[in-house]
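Atoms within each ligand, like the ligands themselves, are counted from 1 in listed order. Keep in mind that the numbers below use all heavy atoms, side chains included, and drop hydrogens, waters and symmetry copies. Predicted model only: the values in this text are computed from it and were never measured.
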Amino acid sequence: MDKHLQELITREEKRQENTLTLIPSENYASRAVREAVGSVLSNKYSEGYPGRRYYQGNDLVDEVERLAIERAKKLFNVPHANVQPYSGSPANSAVLFALCEPGDTIMGMELASGGHLTHGQPKITFSGKYFRSVQFGVEGDGTIDYKKVQALAKAEKPRVIIIGTTAYPLALDWKLFGEIADSVGAYLVADIAHVVGLIIGNVYPSPFPYAHIVTTTTHKTLRGPRGAMIMVTEKGLGKYGKLGEDIDRAVFPGLQGGPHNNTTAGIAQALFEADTPEFKKYAKQVVANAKVLAQALQEGSSLARRPLARLKLIGGGTESHLMLVDLRPNGLSGNVVAEALEKARIVCNKNSIPGDTSPFYPSGIRLGTPAVTTRGMGETEMTKIAEWIIKAVGEVENEKLPEDKDGKQAFLKEFKVRIKGNKVLQEIAGKVKDLCQKFPVP
Ligand code: DSN
């Protein structure tokens, strides 16, 4: 391999080994998944679907794709699955193209309240530009008011209600969303990208009985390759018998060309791994770890400086794999805290909290436990990590981001250099490295 490229990949491998990944959408795929993704299947073109391809030489690719489809159908107990979408956004695009005409009304949860760009974010996304998007947010306490959702659906009569979370820590009431969709004749699309592994482990509510279509990425809590799936439920087929065919046609030839067969193989492998008692144990531990981390962050640490000894969490905690820290009581921005934590080898992401208007300069950080759980960490480690986070936040308690945009950029540039010399962050980084070495990346 080109030495420069080889070196970059090796350094990234070391970075992953020696840091704590707390980004809730990241995880470690098994060696078997990575081998499938790096296999010769990547060399083959296969436009079409198993048994009906536009190229010769696809008998084995057909078997691989059938394996992935059958495993998805069995694991989620659905009558139809498409494993070809390149990732989550293309999967959601395909669903909206299959169900709607341009200008039709779609309804979803705002990005700043924990939804996703593809759920109708206005102005800047296809889902907000090609469709008439209506959105709801969360209440002051960070929870969804389902009565307001019902009223919005009644007033706007959307053709599709698309629901899923990237930064909403609490469990969704899928039954209620199903009833709301049914009451206005809308399709309910559940985007379970973040929580799919938790649903497999029965530690998060399942939308399958209530939604018509379920989409998911395959690389988050599922621990597969970067890809996605679209599943049509019994209820979806009951509403419209040709829904599966319409979804398939929207994916290919509607939006995509040749499927990434190497990714399809990685999905088949990930579904094989997910259909095991070990996977269910991991899923349970992800949520148990998140609850401990959330509680410890809220209770605070004796190691931290006052008054920063506690952190405020949106929604008051978590019922999933993730939590959202509201840094407004600390007068801090997500940018400053995420940067400081990275210096301490704790990798998270700055994140909008409800009411934020700039996703690039938000008032929160998002933390999650899937990756550290995959490494084998448990409650004891979560308590330590919480102490380190609180201590690191304490180190930057006076670092206020200026109001104007140019000032913010200049401040962050200077801060990033200056923070390198912080002794406390260096000390935490050393402890994190020791912990990482005790829990190797699989
Ligand atoms: N980018 C993903 C996340 O981090 O949540 C959502 O698609």
Engineer: Measure the distance from atom 2 (C) of ligand 1 to every protein heavy atom, then report the residue, atom name and distance (to 0.1 Å) of the closest one.
Structural biologist: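 I find the closest protein heavy atom is Lys220 CE, 3.9 Å.
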Engineer: Please indicate whether Gln295 has more than 12 foreign heavy atoms, meaning atoms of other residues, nucleotides or ligands, lying under 6.0 Å from its CD.
Structural biologist: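 No, not enclosed.
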Engineer: Check whether any protein heavy atom sits under 4.0 Å from atom 7 (O) of ligand 1.
Structural biologist: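 Flag for atom 7 (O) of ligand 1 set to true, protein heavy atom closer than 4.0 Å.
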Engineer: Does atom NZ (Lys400) have a neighbourhood of more than 12 heavy atoms from anything else shown, all under 6.0 Å?
Structural biologist: yes
Engineer: For atom CG of Asp182, is the number of surrounding heavy atoms from other residues, nucleotides or ligands below 6.0 Å larger than 12?
Structural biologist: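 Correct, the count exceeds 12.
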Engineer: When you measure from atom 3 (C) of ligand 1 to each heavy atom in Pro24, Ser25, Ser87, which option holds the nearest one?
Structural biologist: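 Closest candidate by heavy-atom distance is Ser25.
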Engineer: Just to be sure I read this right, does ligand 1 sit under 4.0 Å from the backbone of His219, its side chain, both, or neither, counting only heavy atoms?
Structural biologist: neither
Engineer: Using a strict 4.0 Å cut-off to heavy atoms of Thr166, name the atoms of ligand 1 that fall inside it.
Structural biologist: 5 (O), 6 (C)
Engineer: For ligand 1, is there an atom lying under 4.0 Å from some heavy atom of Arg366?
Structural biologist: yes
Engineer: Are there more than 12 heavy atoms of other residues, nucleotides or ligands under 6.0 Å from atom OH of Tyr130?
Structural biologist: no
Engineer: Salt bridge or not between Lys384 and Glu381? Use side-chain N to carboxylate O under 4.0 Å.
Structural biologist: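 Looking at Lys384 and Glu381, the cut-off is not met.
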Engineer: Heavy-atom contacts with His194 under 4.0 Å: which atoms of ligand 1 show up? List them by number with element.
Structural biologist: 3 (C), 5 (O)
Engineer: Are there more than 12 heavy atoms of other residues, nucleotides or ligands under 6.0 Å from atom CZ of Phe272?
Structural biologist: no
